[in-house]
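As structure tokens, the structure follows; a few thoughts come after it.
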Number of protein chains: 2
Amino acid sequence: MSDNLASKITDSELEVMKLLWHASDALPVTEIREQLQRSKGWEPATIKTLISRLVSKGVVRQEKRNVYYYSPVISEKEYSSWATKDLITRIYNGKASDLIASLVSSNGLTKDDIAELREMFKVEE
Amino acid sequence: MSDNLASKITDSELEVMKLLWHASDALPVTEIREQLQRSKGWEPATIKTLISRLVSKGVVRQEKRNVYYYSPVISEKEYSSWATKDLITRIYNGKASDLIASLVSSNGLTKDDIAELREMFKVEE
DNA sequence: AAAAGCAGTTTACAGTTGTAGCTTAAGCAA
DNA sequence: TTGCTTAAGCTACAACTGTAAACTGCTTTT
């Protein structure tokens, strides 16, 4: 995913992306609207603006059926790993382990997190 | 660190913060300017604007001597752990271990990182 | 067919950010 | 002291963001 695409997903737009990511299929504006209106209290116009911007940015695709259906061009995984690497670049001098060290030292990890991580980094074989 | 402070440090401003964080003491504008002019190619006016904004935001303190000296109010560690938690909240549903899992699965970790992490999460005692 | 409703498009508007110039006042050099 | 240099403060301005209204044309209802 190029820097040009992901870097431009703003906070509000991200809410729309999340919805699309969690949908199993392309969604018409009606459904997007219904959910975001409830969860975010946004006006229909606002939601339409956000969708349009995402389409211009190339991260959401629209297909014309009776009415437009929208689906994400980039996956949630792609986006989040991009965002994570971006954070590491910007504030941890590119060292991923510094990020994790920071999490550890700032108590950013729950007991469960730590248990999972022990599992994850257990020396296997 | 309140949300109001850290969330408002922008990318450009962050460059100024980094400089102040790495300085052992408060710095006069001249020194800040000299370094950022070289490393970033920014005009003096730009640098002054960024410093002023950081002061308004309360993340940089100024003390009047002959001339103003600037120093960070929040530490780099505070900031980076805040930014990390913010990322986890925004895109990993609050689960720190999901962030790390994402790093692992997207090959965001070098061999060295992994070695360090094994060490870090080794079951001790 | 006339009216109503709504998808899609265009326009709006204030706040933030990146980037920088202009003005004013004070210290230093001549 | 008289002007030059520059710190500090104020102003600028376009792009991006959050938020939304207005308009336009098609579909559906009466």
Side-chain angles (χ1 to χ4, degrees), chain A residues 2-20 26-71 79 83 86 90-91, chain B residues 2-20 26-71 79 83 86 90-91:
Chain A
S2 92
D3 197 55
N4 300 318
L5 301 185
S7 62
K8 290 185 186 269
I9 296 181
T10 70
D11 283 350
S12 295
E13 288 164 0
L14 188 57
E15 297 302 322
V16 179
M17 291 306 287
K18 283 181 183 169
L19 210 162
L20 295 177
L27 296 179
V29 109
T30 19
E31 282 202 38
I32 301 177
R33 179 150 35 74
E34 192 214 325
Q35 296 193 51
L36 291 176
Q37 213 164 357
R38 213 165 359 87
S39 65
K40 293 287 157 181
W42 287 335
E43 292 299 315
T46 302
I47 297 165
K48 284 191 234 164
T49 299
L50 294 175
I51 296 174
S52 302
R53 287 182 182 164
L54 288 166
V55 171
S56 324
K57 289 177 182 182
V59 291
V60 162
R61 172 193 312 121
Q62 52 180 2
E63 17 162 359
K64 184 82 178 170
R65 297 187 198 169
N66 209 332
V67 100
Y68 282 120
Y69 277 68
Y70 301 91
S71 52
Y79 177 72
D86 182 58
R90 285 189 303 104
I91 80 183
Chain B
S2 92
D3 197 56
N4 300 318
L5 301 183
S7 62
K8 290 186 185 268
I9 296 180
T10 70
D11 284 350
S12 295
E13 288 165 0
L14 188 57
E15 297 301 322
V16 178
M17 290 307 285
K18 282 180 185 169
L19 210 161
L20 295 177
L27 297 179
V29 110
T30 20
E31 283 202 39
I32 301 176
R33 178 150 35 76
E34 192 214 328
Q35 297 192 52
L36 290 177
Q37 213 163 359
R38 214 165 358 88
S39 64
K40 293 286 158 184
W42 288 335
E43 292 300 316
T46 301
I47 298 164
K48 283 191 238 163
T49 299
L50 295 175
I51 296 173
S52 302
R53 288 180 181 166
L54 287 167
V55 171
S56 324
K57 289 176 181 181
V59 290
V60 162
R61 171 192 313 121
Q62 53 181 359
E63 19 161 355
K64 184 85 179 165
R65 295 188 199 170
N66 208 332
V67 100
Y68 282 119
Y69 277 68
Y70 301 91
S71 53
Y79 177 71
D86 181 59
R90 285 190 303 106
I91 79 183

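Everything numeric in this text was worked out from a predicted model, so none of it was measured. Side-chain atoms are counted along with the backbone in the values below, which use heavy atoms only and exclude waters and symmetry mates. In what follows, chains carry the letters A, B, and so on, assigned in the order in which the sequence lines appear, proteins first and then strands, with residues in each chain numbered from 1.
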Please report, rounded to the nearest Å, how far the [atom2] atom of [N] is from the [atom1] atom of [X].
X: Tyr68(A); N: dC6(C); atom1: OH; atom2: C1'; value: 16 Å
X: Lys64(A); N: dG8(C); atom1: NZ; atom2: C1'; value: 8 Å
X: Glu63(B); N: dA8(D); atom1: CD; atom2: P; value: 12 Å
X: Glu13(B); N: dT17(C); atom1: CD; atom2: P; value: 6 Å
X: Arg65(B); N: dG27(C); atom1: CZ; atom2: P; value: 17 Å
X: Ile51(A); N: dG18(D); atom1: CD1; atom2: C1'; value: 15 Å
X: Glu15(A); N: dT17(D); atom1: CD; atom2: P; value: 15 Å

Nearest 0.5 Å please: distance from the [atom1] atom of [X] over to the [atom2] atom of [Y].
X: Leu50(A); Y: Leu19(A); atom1: CG; atom2: CG; result: 11.5 Å
X: Ile51(A); Y: Leu27(A); atom1: CD1; atom2: CG; result: 9.0 Å
X: Leu54(A); Y: Thr10(A); atom1: CG; atom2: OG1; result: 7.5 Å
X: Gln37(A); Y: Ile32(A); atom1: CD; atom2: CD1; result: 12.5 Å
X: Glu13(B); Y: Lys8(B); atom1: CD; atom2: NZ; result: 10.0 Å
X: Leu14(A); Y: Ile91(B); atom1: CG; atom2: CD1; result: 7.0 Å

*Can you list every salt bridge (charged side-chain N to carboxylate O under 4.0 Å, His left out) pair that touches residues 32-46 of chain A, not counting sequence neighbours?*
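Every pair satisfying salt bridge (charged side-chain N to carboxylate O under 4.0 Å, His left out) with a residue in residues 32-46 of chain A: Glu15(A)-Lys40(A), Glu34(A)-Arg38(A).
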
Please list, pair by pair, any protein nitrogen or oxygen found under 3.5 Å from a nitrogen or oxygen in nucleotides 19-25 of chain D.
{"unit_1": "dT19(D)", "atom_1": "OP2", "unit_2": "Ser12(A)", "atom_2": "OG", "d": "3.3"}
{"unit_1": "dT19(D)", "atom_1": "OP2", "unit_2": "Trp42(A)", "atom_2": "NE1", "d": "3.3"}
{"unit_1": "dT19(D)", "atom_1": "O4", "unit_2": "Arg53(A)", "atom_2": "NH2", "d": "3.0"}
{"unit_1": "dA20(D)", "atom_1": "OP2", "unit_2": "Thr46(A)", "atom_2": "OG1", "d": "3.1"}
{"unit_1": "dA20(D)", "atom_1": "O5'", "unit_2": "Thr46(A)", "atom_2": "OG1", "d": "3.4"}
{"unit_1": "dA20(D)", "atom_1": "N7", "unit_2": "Thr49(A)", "atom_2": "OG1", "d": "3.1"}
{"unit_1": "dA20(D)", "atom_1": "N6", "unit_2": "Thr49(A)", "atom_2": "OG1", "d": "2.5"}

*Counting side-chain heavy atoms from C-beta on, which of dG18(D), dA7(D), dG8(C) comes nearest to Asp11(A)?*
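Nearest listed nucleotide: dG18(D).
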
*Among dG8(C), dT17(D), dA8(D), find the nucleotide with the atom closest to the side chain of Lys57(A).*
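In terms of side-chain proximity for Lys57(A), the closest of dG8(C), dT17(D), dA8(D) is dT17(D).
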
*Using the test side chain to side chain donor-acceptor pair (under 3.5 Å), find all partners of Ser71(B) that sit at least two apart in sequence or belong to another chain.*
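Expected list: Arg61(B).
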
Return the polar atom pairs (N/O with N/O) between nucleotides 26-28 of chain D and the protein under 3.5 Å, or none.
none

*asked:* In the structure I gave you, are the side-chain heavy atoms of Arg90(B) and Asp11(A) within less than 4.5 Å of one another anywhere?
replied: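 Yes, close enough: below the 4.5 Å cut-off.
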
_Please determine whether a side-chain nitrogen or oxygen atom of Tyr69(B) lies at a distance below 4.0 Å from atom OP1 or OP2 of dA8(D)._
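No, because none of the side-chain N or O atoms of Tyr69(B) sits under 4.0 Å from OP1 or OP2 of dA8(D).
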
_Under 4.0 angstrom between Thr10(A) side-chain N/O and dG18(D) OP1 or OP2_ =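 Checking dG18(D) against Thr10(A), a side-chain N or O does come within under 4.0 Å of OP1 or OP2.
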
*Apply side-chain contact (heavy atoms from CB on, under 4.5 Å) to Tyr69(B) and list each qualifying residue two or more places apart in sequence or on a separate chain.*
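So Tyr69(B) forms a side-chain contact (heavy atoms from CB on, under 4.5 Å) with Ala26(B), Pro28(B), Glu63(B), Arg65(B), Val67(B).
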
*Got a sec? Which of residues 28-38 of chain B come in under 4.0 Å of DNA chain D, heavy atoms?*
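When residues 28-38 of chain B is checked for heavy atoms under 4.0 Å from DNA chain D, the hits, listed by number, are Val29(B), Thr30(B), Arg33(B).
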
*Could you go step by step and tell me if Val29(B) and Tyr68(B) meet the side chain to side chain contact (heavy atoms under 4.5 Å, CB included) rule?*
CA-CA 7 Å; Val29(B) 110; Tyr68(B) 282 119; over 6 Å; no

